[in-house]
Amino acid sequence: MLVVGAGPAGLESARVLTERGHRVTVIDKSDRLGGTMWFSTMTTPDNERLLRWFKAEIKRLRIAVKLNTPATVETIRALNPDHVIVATGAVRPKPDFPGGDLPIVQTGDTLRAMMLGTATAEEAGAVLSTLGKMGRLSGVTKSPEFVRQFTKFWLPMGKDVVVIGGSLVGLELAEFLAERGRRVTLLHEKQQLGLPLAMPRRWTAVSDAKKHGVQIHRNAVITRITEKSVEWTVGEESFSAPAAMVVYADGTTSAAPLAGELREAGIPCDVVGDAGAVNYIHGAIHSSWKVTAEL
């Protein structure tokens, strides 16, 4: 069995398959286990405990792991698996409103790529002056706790940041940046923040962001992004905020193009985690268990 992706969905798939007697190999294009879960420990330290547990399980079960290994039909065919689990995670595209393609605009994917050292040349060029240095730091030490603490004293980005999207990811990222001295404006297109979280976690996430000085604007309709600001409207009123960086924390969708390529090549596979349906870490783990327990 081959598992593509070393995030929560991939690691749970590898664990369950091994427990059921399969010989499993995990491959991932980054240099560490965790995927999105590793990145999420920056804003949610409790996730580090889960990551440590998965690492311990991979070691206990002696699961083969090949890092720094991009997944293509060719590389997968060379490994000759009898079945492939595609756990490559969700897709986070850049926004489609005016200015959404400017270099100052980042998504969860480009931020994670820089932190994990997997950014393409195009992505690295866009953010080299900011998170490129952060990527080198996380390459030196793969300890999330070290990076969390170090960034409280050194974070290579401008002071003004606009976060677009008031889901849990947007709220926690806004709080993370504000806690590190950034002036953060969070824009959300609807009234309710933190969905699909239930109370009281949703209320806590909003409260914590405000406590750290995040300026939250609800029912905001983005007009455009310029090289130095973000403009939006709420009803008939127009607003703007300065921005050295814009983080688009919205528009997350499921996608697994690799699965289609594998099926065309005659290689059997299943899709798990956010690549199949966006459901955060707990949903990714559950979907992995559900699929792999039947193989």
Side-chain angles (χ1 to χ4, degrees), residues 36 39-45 47 92 94-95 97 99-100 102-112 114-115 126-127 129-135 137-138 144 147-195 197 201-234 237-252:
T36 300
F39 185 58
S40 75
T41 64
M42 295 297 100
T43 59
T44 311
N47 286 343
R92 299 164 183 84
K94 282 199 172 186
F97 36 72
L102 287 172
I104 67 167
V105 181
Q106 303 305 319
T107 69
D109 279 348
T110 56
L111 287 173
R112 185 181 72 171
M114 292 307 302
M115 289 291 288
V127 293
S129 62
T130 54
L131 290 182
K133 297 176 183 177
M134 185 57 61
L137 169 65
S138 72
V147 177
R148 278 197 304 272
Q149 295 302 322
F150 193 84
T151 52
K152 291 181 179 180
F153 303 97
W154 182 77
L155 188 62
M157 64 171 61
K159 284 291 185 182
D160 295 302
V161 181
V162 174
V163 176
I164 299 174
S167 65
L168 174 63
V169 173
L171 286 167
E172 291 187 335
L173 183 57
E175 179 189 347
F176 174 85
L177 294 170
E179 189 179 17
R180 286 153 179 78
R182 271 45 193 184
R183 294 182 290 264
V184 181
T185 302
L186 185 144
L187 307 177
H188 188 54
E189 65 177 357
K190 298 179 181 178
Q191 176 65 25
Q192 286 188 305
L193 295 156
L195 295 175
L197 287 174
R201 182 67 185 92
R202 189 185 345 153
W203 180 88
T204 302
V206 176
S207 176
D208 288 346
K210 289 181 176 179
K211 191 182 303 180
H212 284 89
V214 177
Q215 298 296 311
I216 297 176
H217 297 267
R218 307 168 192 249
N219 301 310
V221 178
I222 310 300
T223 306
R224 65 169 181 159
I225 298 173
T226 72
E227 293 180 352
K228 295 182 179 180
S229 67
V230 176
E231 300 174 2
W232 73 95
T233 61
V234 177
E237 291 189 78
S238 298
F239 303 88
S240 69
M245 175 178 285
V246 178
V247 181
Y248 185 58
D250 213 347
T252 302

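Residue numbers run from 1 in the order of the sequence given.
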For [X] against [Y], the heavy-atom pair lying closest together:
| X | Y | answer |
| --- | --- | --- |
| A174 | V214 | O-CG2, 3.6 Å |
| G165 | L186 | O-CD1, 4.0 Å |
| I104 | E227 | CD1-O, 3.8 Å |
| T43 | F176 | CG2-CB, 3.6 Å |
| K94 | L102 | NZ-O, 3.4 Å |
| A249 | G170 | CB-CA, 3.8 Å |

Practice problem: Please list, chain by chain and in numerical order, all residues satisfying salt bridge (charged side-chain N to carboxylate O under 4.0 Å, His left out) with E172, sequence neighbours excluded. | Solution: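 Scan of E172 (salt bridge (charged side-chain N to carboxylate O under 4.0 Å, His left out), adjacent residues dropped) gives R201.
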
Practice problem: Would you please name every residue forming a salt bridge (charged side-chain N to carboxylate O under 4.0 Å, His left out) with D160, sequence neighbours left out? | Solution: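 Checked D160 against salt bridge (charged side-chain N to carboxylate O under 4.0 Å, His left out); matches are R183.
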
Quiz prompt | side chain to side chain contact (heavy atoms under 4.5 Å, CB included) between R92 and Q106, intermediate numbers included | solution = CA-CA 10 Å; R92 299 164 183 84; Q106 303 305 319; over 6 Å; no

How many angstroms lie between atom [atom1] of [X] and atom [atom2] of [Y], to the nearest 0.5 angstrom?
| X | Y | atom1 | atom2 | answer |
| --- | --- | --- | --- | --- |
| K152 | R180 | NZ | CZ | 5.5 Å |
| L187 | D250 | CG | CG | 11.0 Å |
| L193 | L168 | CG | CG | 11.5 Å |
| I164 | H217 | CD1 | NE2 | 12.5 Å |
| H188 | I216 | NE2 | CD1 | 10.0 Å |
| H212 | S207 | NE2 | OG | 10.0 Å |

Practice problem: Before giving the answer on side chain to side chain contact (heavy atoms under 4.5 Å, CB included), spell out for T252 and V169 the whole-Å C-alpha distance, their side-chain angles and the decisive distance to 0.1 Å. | Solution: CA-CA 10 Å; T252 302; V169 173; over 6 Å; no

Quiz item: Angle class for the F97/Y248 ring planes (parallel below 30°, perpendicular above 60°, tilted otherwise)?
Solution: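 Perpendicular, since the angle between the ring planes exceeds 60°.
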
Quiz item: Taking only residues two or more places apart in sequence, or in another chain, which ones meet E231 in a side-chain hydrogen bond (donor to acceptor under 3.5 Å, both in side chains)?
Solution: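 Here the qualifying residues are R224.
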
Exercise. Mark yes when over 12 heavy atoms from residues, nucleotides or ligands other than K190 sit less than 6.0 Å from its NZ; otherwise mark no.
Key: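 Open.
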
Quiz item: L171 and E175: side chain to side chain contact (heavy atoms under 4.5 Å, CB included), yes or no, with the steps?
Solution: CA-CA 6 Å; L171 286 167; E175 179 189 347; over 6 Å; no

Exercise. Would you check, one step at a time, whether the test side chain to side chain contact (heavy atoms under 4.5 Å, CB included) holds for V230 with T185?
Key: CA-CA 10 Å; V230 176; T185 302; over 6 Å; no

Self-check item: Passing option when V247 is tested against V184, V105, V161 for side-chain contact (heavy atoms from CB on, under 4.5 Å)
Solution: V161

